[in-house]
Amino acid sequence: MKSKVSLKEMVGVKIIYALLLVCYYWMWARQDWHHYYDTIQNMIAIFSILFFAAQAVRVRKYAKEEKDERAVQILHRVDAIGLKIVAAAVIIIAFASAVAIMDGRMAGYALVGTIFALTAIRFILFCVMSKD
């Protein structure tokens, strides 16, 4: 594979990382059990290992390439917007937990859901802001 690794690709891959986080939280926090959960867990584990190995190669290749300064600046702006979004979401989740609207398990689902939503929003904002 001789193609260059773009910053857009590096930002987009974070969505898969967040999806894996949601899957692993589901495996840890669920309170029921079905026979097919073993298959799902094994598939997620195998996919994680293969995905992390493939990404290690891509990240190493990206580290050796010359960076696009404009794209890096746009990413910093997008990250600043994302920080404001996640701060508001965490405050809402903390308040909902404090007034007993949601229990700890549901707060955890809300947090990992927020992380997943934030990575998707981050990718979309980066794509929109970096259009020429």
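Note that the structure is predicted; figures quoted are calculated from it, not measured. Computed over heavy atoms, backbone and side chain alike; hydrogens, waters and symmetry mates excluded. Throughout, numbering of the chain's residues begins at 1 and tracks the sequence.
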Asks: Just do the side chain to side chain contact (heavy atoms under 4.5 Å, CB included) check on H34 and D32 with the steps written out, would you?
Replies: CA-CA 7 Å; H34 296 285; D32 62 343; 3.4 Å; yes
Asks: Is it the case that over 12 heavy atoms from other parts of the model lie below 6.0 angstrom from the CE atom of M106?
Replies: no
Asks: If you count the non-hydrogen atoms of other residues, nucleotides and ligands that lie under 6.0 Å from NZ in K64, is the total more than 12?
Replies: no
Asks: Is the shortest side-chain heavy-atom distance between V59 and K61 below 4.5 Å?
Replies: no
Asks: In sequence, state the C-alpha distance, the side-chain angles, and the governing distance for Y17 and F52, and then conclude on ring pair (Phe, Tyr, Trp, His ring centres under 6.0 Å).
Replies: CA-CA 9 Å; Y17 289 131; F52 288 143; 5.7 Å; yes
Asks: Supply the atom-to-atom distance I15 CD1 to F116 CZ, rounded to the nearest 0.5 angstrom.
Replies: 6.5 Å
Asks: Can the positive tip of K8 be found less than 6.0 Å from the middle of the six-membered ring of F123, inside 45° of the ring normal?
Replies: no
Asks: Distance check, rounded to the nearest 0.5 Å: W26 atom CH2 versus I40 atom CD1?
Replies: 4.5 Å
Asks: In Å, rounded to the nearest 0.5 Å, how long is the span from CG of D38 to CH2 of W33?
Replies: 4.0 Å
Asks: Can you list the residues that meet the side chain to side chain donor-acceptor pair (under 3.5 Å) rule with E9, with sequence neighbours excluded?
Replies: R58
Asks: Are the side chains of I93 and M102 in contact, using a 4.5 Å heavy-atom criterion?
Replies: yes
Asks: Given V90 and T114, is the side chain to side chain contact (heavy atoms under 4.5 Å, CB included) satisfied, shown in steps?
Replies: CA-CA 8 Å; V90 168; T114 299; 5.6 Å; no
Asks: So how far is it from L20 CG to I44 CD1, rounded to the nearest 0.5 Å?
Replies: 7.5 Å
Asks: Could you go through the side chain to side chain contact (heavy atoms under 4.5 Å, CB included) check for I101 and F95 one step at a time?
Replies: CA-CA 9 Å; I101 294 175; F95 181 75; 5.5 Å; no
Asks: Hydrophobic cluster membership, with links at side-chain heavy-atom distances under 4.5 Å among I/L/V/M/F/W/Y: are M10 and V57 in one?
Replies: no
Asks: How long is the straight-line distance from OH of Y109 back to CZ of R30, given to the nearest 0.5 Å?
Replies: 8.5 Å
Asks: What pair of heavy atoms forms the shortest contact from M129 to V78, and how long is it?
Replies: SD-CG2, 3.5 Å
Asks: What's the shortest heavy-atom distance between R70 and S130, and which atoms?
Replies: NH1-O, 3.6 Å
Asks: Identify the two heavy atoms, one from A18 and one from T119, that lie closest to each other, and give their separation to 0.1 Å.
Replies: CB-OG1, 3.5 Å
Asks: For the CZ atom of R122 and the SG atom of C127, what is their distance to the nearest 0.5 Å?
Replies: 11.0 Å
Asks: Apply side-chain hydrogen bond (donor to acceptor under 3.5 Å, both in side chains) to Y24 and S48, showing your working.
Replies: CA-CA 10 Å; Y24 278 102; S48 297; 3.2 Å; yes
Asks: Let's go through L7 and D68 carefully: what are the C-alpha distance in whole Å and the side-chain angles of both, what is the deciding distance for side chain to side chain contact (heavy atoms under 4.5 Å, CB included) to 0.1 Å, and is it a yes or a no?
Replies: CA-CA 8 Å; L7 187 58; D68 180 9; over 6 Å; no
Asks: So which heavy atom on A29 is nearest to which on R105, and how close?
Replies: O-CD, 3.1 Å
Asks: Examine distances only and state if a side-chain atom of K67 and a backbone atom of Y62 form a donor-acceptor pair shorter than 3.5 Å.
Replies: yes
